[in-house]
Protein chains: 2
Amino acid sequence: MLKKGVERKEVLRALGEVFRAHGYEGASLTLITEATGLGKGSLYHLFPGGKEQMATEVLADIDGWFELNIYAPLREASDPARGVAAMIAGVDQYFHSGDRVCLVGMVALGAARDTFATSVDDYFARWQVALASLLRRSGLSRSQAQRRAEDALLTIQGALVLARARNDAGIFRRALSDLTARLLAP
Amino acid sequence: MLKKGVERKEVLRALGEVFRAHGYEGASLTLITEATGLGKGSLYHLFPGGKEQMATEVLADIDGWFELNIYAPLREASDPARGVAAMIAGVDQYFHSGDRVCLVGMVALGAARDTFATSVDDYFARWQVALASLLRRSGLSRSQAQRRAEDALLTIQGALVLARARNDAGIFRRALSDLTARLLAP
DNA sequence: GGGACATTGTACCGATCGGTACAGAGAGTC
DNA sequence: GACTCTCTGTACCGATCGGTACAATGTCCC
């Protein structure tokens with residue numbers, strides 16, 4: 001029997017990796033059953049809403065991780081340099097130094113975007129707001145902070161795409177390093 | 001009857017839009033027949049290799065467009081500022097100011113990456129080399145030029161992802177504008 | 001042990017997938 | 001008009017798609 005909270009998290013993690021590897025439409029139930037080790041019966045018992053519910057919960061789970069490990073620390077950091085460094089470290093960890101793809105960005109590019117539009121938008125919007133609030137505290141104007149936060153998100157996404165396209169994780173590493181400097185520039 | 005060269009280009013363009021809108025795996029033959037106006041008979045007559053050949057040729061077609069409109073001008077430009085401005089203008093035009101997604105980047109993120117790995121890698125590699133060669137002429141060191149070209153490609157890709165995720169073409173516009181300045185900075 | 005309820009494996013559903021076979025329409029040549 | 005040869009619409013293929021039905025099993029409390 002499932003220990004409700006615990007095991008569902010594990011299932012969501014496996015689901016996330018399947019969606020990451022094959023996209024929303026490419027993640028067939030066969031792949032999903034293999035990745036989770038759960039038969040269709042269990043799967044539809046856990047997620048009566050089918051694939052769409054699975055993806056929704058996976059996105060929510062990702063959002064939760066970022067809220068805890070990225071957004072909240074950004075909001076609460078007192079020292080801008082430390083705050084930025086912590087975010088960069090968290091991002092590097094989450095994306096396995098460029099080996100892992102961003103599921104949210106992937107969904108955004110595909111046909112499934114419309115279905116998950118608000119989740120996708122929220123993910124980036126809240127990140128931008130949290131980062132901009134930190135940058136404001138470092139002395140930037142509101143518009144400067146917003147613009148620079150936007151640049152940060154876009155750099156991370158672009159680095160993930162390019163790193164994967166060229167199969168070169170160094171791209172991601174360099175991008176994060178440059179980004180740190182750019183965010184903290186006067 | 002097809003006027004060989006001409007009509008095939010049009011078919012490839014339609015195919016490209018279907019792949020862009022639904023991804024490689026999501027682009028079903030039904031969608032493809034609708035978008036191209038061609039029945040399965042014609043489709044498999046034109047592309048005996050099926051979907052894979054279609055995608056391969058679409059990628060080659062895109063590569064051709066960039067070679068002609070972006071890479072070659074970059075290589076041949078004498079004035080760096082003009083060369084960069086021309087590239088940015090071309091990119092803005094090609095991606096419809098952020099409304100259009102990059103098919104190459106999209107393929108790179110999905111499961112189809114392995115199938116088209118060399119096409120995907122070439123697309124970015126040749127772009128980076130062409131841009132870096134221009135930047136070298138503007139006085140940058142080889143490594144600086146390479147690094148800055150990498151930053152340019154990654155910025156464009158990231159801006160496309162973020163613009164689509166947040167449904168805000170302004171992100172793309174701002175990113176291109178900032179990028180121009182960053183590329184030409186001393 | 002027995003009843004209640006959560007969980008699961010399996011068989012099955014209609015729809016759609018990518019792809020093939022092929023007869024015949026269409027156009028060019030003589 | 002008859003002969004090519006290119007092109008295309010249609011019927012069809014087995015496989016797989018996402019999803020459902022349900023009986024069987026497990027787990028718990030009593």
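Each chain gets a letter, A, B and so on, in the order the sequences are listed, and its residues count up from 1. Only this structure's heavy atoms are used, side chains among them; waters, hydrogens and symmetry mates stay out.
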Can we say [X] and [Y] salt-bridge, meaning some charged N sits less than 4.0 Å from an Asp/Glu carboxylate O?
X        : Y        : result
A:Glu17  : A:Arg20  : yes
A:Asp178 : B:Arg147 : yes
A:Arg173 : A:Asp92  : no
A:Arg164 : A:Asp99  : no
A:Glu7   : A:Arg13  : no
A:Lys9   : A:Glu57  : no

To the nearest angstrom, how far is [X] atom [atom1] from [N] atom [atom2]?
X       : N      : atom1 : atom2 : result
B:Lys40 : C:dT20 : NZ    : C1'   : 9 Å
B:Arg8  : D:dT6  : CZ    : C1'   : 14 Å
A:Ile32 : D:dG19 : CD1   : C1'   : 12 Å
B:Leu29 : D:dG9  : CG    : C1'   : 15 Å
B:His22 : C:dG18 : NE2   : C1'   : 17 Å
B:Leu31 : C:dC17 : CG    : P     : 7 Å
B:Leu43 : C:dT20 : CG    : P     : 12 Å
B:Leu38 : D:dC7  : CG    : P     : 11 Å

Does [X] make a side-chain N or O approach to OP1 or OP2 of [N] shorter than 4.0 Å?
X       : N      : result
A:Ser42 : C:dG9  : yes
A:Ser28 : D:dT16 : no
A:Thr30 : D:dC17 : yes
B:His45 : D:dT8  : no

> Toward the 5' end of DNA chain D, which comes first, A:Gly41 or A:Glu25, by nearest nucleotide?
Replying inline: A:Glu25
>> If you only use heavy atoms from C-beta on, which nucleotide in D:dG18, C:dG18, C:dT8 is closest to the side chain of A:Tyr44?
In response: D:dG18
> So what is the end-to-end bend of the helix from C:dG1-D:dC30 to C:dC30-D:dG1, with 5 pairs used at each end and the value given to 10 degrees?
Replying inline: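 The value is 0°.
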>> Does A:Val58 form a side chain to side chain contact (heavy atoms under 4.5 Å, CB included) with A:Ile62? I'd like the steps, not just the answer.
In response: CA-CA 6 Å; A:Val58 167; A:Ile62 291 172; 4.1 Å; yes
